[in-house]
Amino acid sequence: MNYIYSAVSSEKKFFGNSDPVQLSEKYGTPLYVYNENILRSRCRDLKGLISYSNFTVNFSPKANGNLELLKIVRSEGLRVDAMSPGEIYVNKMAGFKPEEILFISNNVGEDEFRYAINAGVKISVDSVSQLEMYGKINPGGKIAFRVNPGFGAGHHEKVTTAGQNTKFGIEMSSIPEVKRILKEYNLKLIGINQHIGSLFMEGGAYLQSTGNILSIAKQFEDLEFIDLGGGFGIPYRKQANQARLDLKILGNKLSELIHTFVSEYGKTIEFKIEPGRYIVAESGILLGKVYATKMNYDIKYIGTDLGFNVLVRPVMYDSHHDIEIYRKNGTPSIKEESVRIVGNICETGDIIAKDRMLPEIFEEDILGVLDSGAYGYSMSSNYNNRLRPAEVLIQADGNPRLIRRRDTLDDIVRNFII
Ligand code: LLP
């Protein structure tokens, strides 16, 4: 048995018929490994969130846009949002129909609006000036807009995407302007959307913002949809038994608000939510290898191939990811110690886990970074001209399948003009 410290992945049988050491030998490291069964069950959790028939879950592929994962999400009956022409393109490749895609634009040029219009997807704008730009190029067209209710929520100020200190959405006092431009360009307002921030573990702010968007919606007749946004959190501290977000309580309260709204509005319009993290985070574990250990002035460093080009969240947001340890010969560690797990990037800030108490780690060990399925690969880069990792899917039958190859040196140089 080569699982040394792996309660979370073992309990979920995360690696199916394989094990992390075998996977790292077969595919190399760093390696993103995803579990299909977990992904499917998270899709189902959110599809069942509310008791209202015209309800759709739009997956946010910014969290993870791997084509094979998108196909799984689609087969579960979810739809998608898109932040860019690139996301529209990949969503379509995964089989989503144009009407199943909502382009939530933010500071885009006419070319991007034209791309989205030609693609036939639904479009939301993020400011009065962008509404006007859209009106000029597509008079008489359909459009939605993103509201900023004046308050937000999120695990870090960088991902609190509504409120008085963010670039997002149209503030309440600008709504008369929106109405004027809709009229001027004969635009049909089909929806309003919001996204107040990423990662909440209690539903309070989400419910409050829902109440808010519903009261705005009443000012517009004949909407086709209201999109409440994403942000549903997952417990990143599973090794410390962190509780899950209580979807039942949140779902019941949301259902109540929606049913009341619909009976007053007189039309069973579509309600959407827009989760990214909740759907994919827990279906991913990032594997890396330990190449060096050392003491440097009283700090024990564990040197790995898990640089922040592979997973940037700890560096960018001080995010916590639980770490597991897998060892080929299975010999248990006899002591625990505080370690700083670092990568191979040329910056002191290249730390994946800071001063963590863990069983002793040795060279050649494989480390698993839990809950890295969301905003992991999608935020990876070629910084330091490093290769972005490969991705493997543990399929429903337990067998692994490569779903994205590792970059090659040719990928690094392919855009040079030689
Ligand atoms: N909809 C919109 C318009 C968004 O901007 C976002 C995320 C989502 C939906 C999905 O949010 P989620 O359900 O995943 O929380 N890189 C950060 C998170 C950035 C989220 C940005 N917007 C992280 O790693 O924590």
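Whatever order the structure lists them in is the order used to number ligands and atoms, beginning at 1.
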Using a heavy-atom cut-off of under 4.0 Å, does the side chain or the backbone of Arg277 touch ligand 1, or both, or neither? both

For atom 15 (O) of ligand 1, find the nearest protein heavy atom and state the residue, atom name and distance (0.1 Å precision). Ser198 OG, 2.4 Å

Just jot down the ligand 1 atoms closer than 4.0 angstrom to any heavy atom of Pro275, in number order. 13 (O)

Is the shortest distance from a Lys or Arg side-chain nitrogen in Arg401 or Glu36 to a carboxylate oxygen in the other one below 4.0 Å? no

Hey, is Arg313 touching ligand 1 through its side chain, its backbone, both or neither, going by heavy atoms under 4.0 Å? side chain

Which heavy atom of the protein is the closest neighbour of atom 20 (C) of ligand 1, given with residue, atom name and distance? Tyr375 OH, 3.6 Å

Salt bridge flag under 4.0 Å for residues Lys253 and Glu256: no

Have a look at ligand 1 and work out which part of Met83, if any, has a heavy atom under 4.0 Å from it: side chain, backbone, both or neither. neither

Taking the six-membered ring for Trp, are the ring centroids of Phe15 and Tyr326 within less than 6.0 Å of each other? yes

Below a 4.0 angstrom heavy-atom separation, can you tell me which part of Lys62, side chain or backbone, both or neither, approaches ligand 1? side chain

What is the ring orientation for Tyr278 with Phe232, classed by angle as parallel under 30°, tilted 30 to 60°, or perpendicular over 60°? perpendicular

Got a salt bridge between Arg405 and Asp411, using NZ or NE/NH1/NH2 to carboxylate O under 4.0 Å? yes

At a non-hydrogen distance cut-off of under 4.0 Å, which region of Arg146 contacts ligand 1 (side chain, backbone, both, or neither)? side chain

Have a look at ligand 1 and work out which part of Tyr278, if any, has a heavy atom under 4.0 Å from it: side chain, backbone, both or neither. neither

So that I can tick it off, tell me whether Arg42 and Asp45 are bridged by a salt bridge, with the cut-off set at under 4.0 angstrom between side-chain N and carboxylate O. yes

Give yes or no for whether the N/O distance cutoff of 3.5 Å, strictly under, is met between Gly231 and ligand 1. yes

With a cut-off of 4.0 Å, which atoms of ligand 1 are near a heavy atom of Gly230? 13 (O)

Carboxylate-amine/guanidinium proximity below 4.0 Å for Lys238 and Glu282: yes

Ligand 1 atoms nearer than 4.0 angstrom to some heavy atom of Ser60 are 1 (N), 8 (C), 9 (C), 10 (C)

Output yes when Lys188 and Asp222 qualify as a salt bridge under the 4.0 Å nitrogen-oxygen rule, no when they do not. yes

Any heavy atom of Ala63 sitting closer than 4.0 Å to ligand 1? no

Residue-level breakdown please: for Asp81 versus ligand 1, do any non-hydrogen atoms fall below 4.0 Å on the side chain, on the backbone, on both, or on neither? side chain

Short N-O contact, Glu270 and Arg79, less than 4.0 angstrom: yes

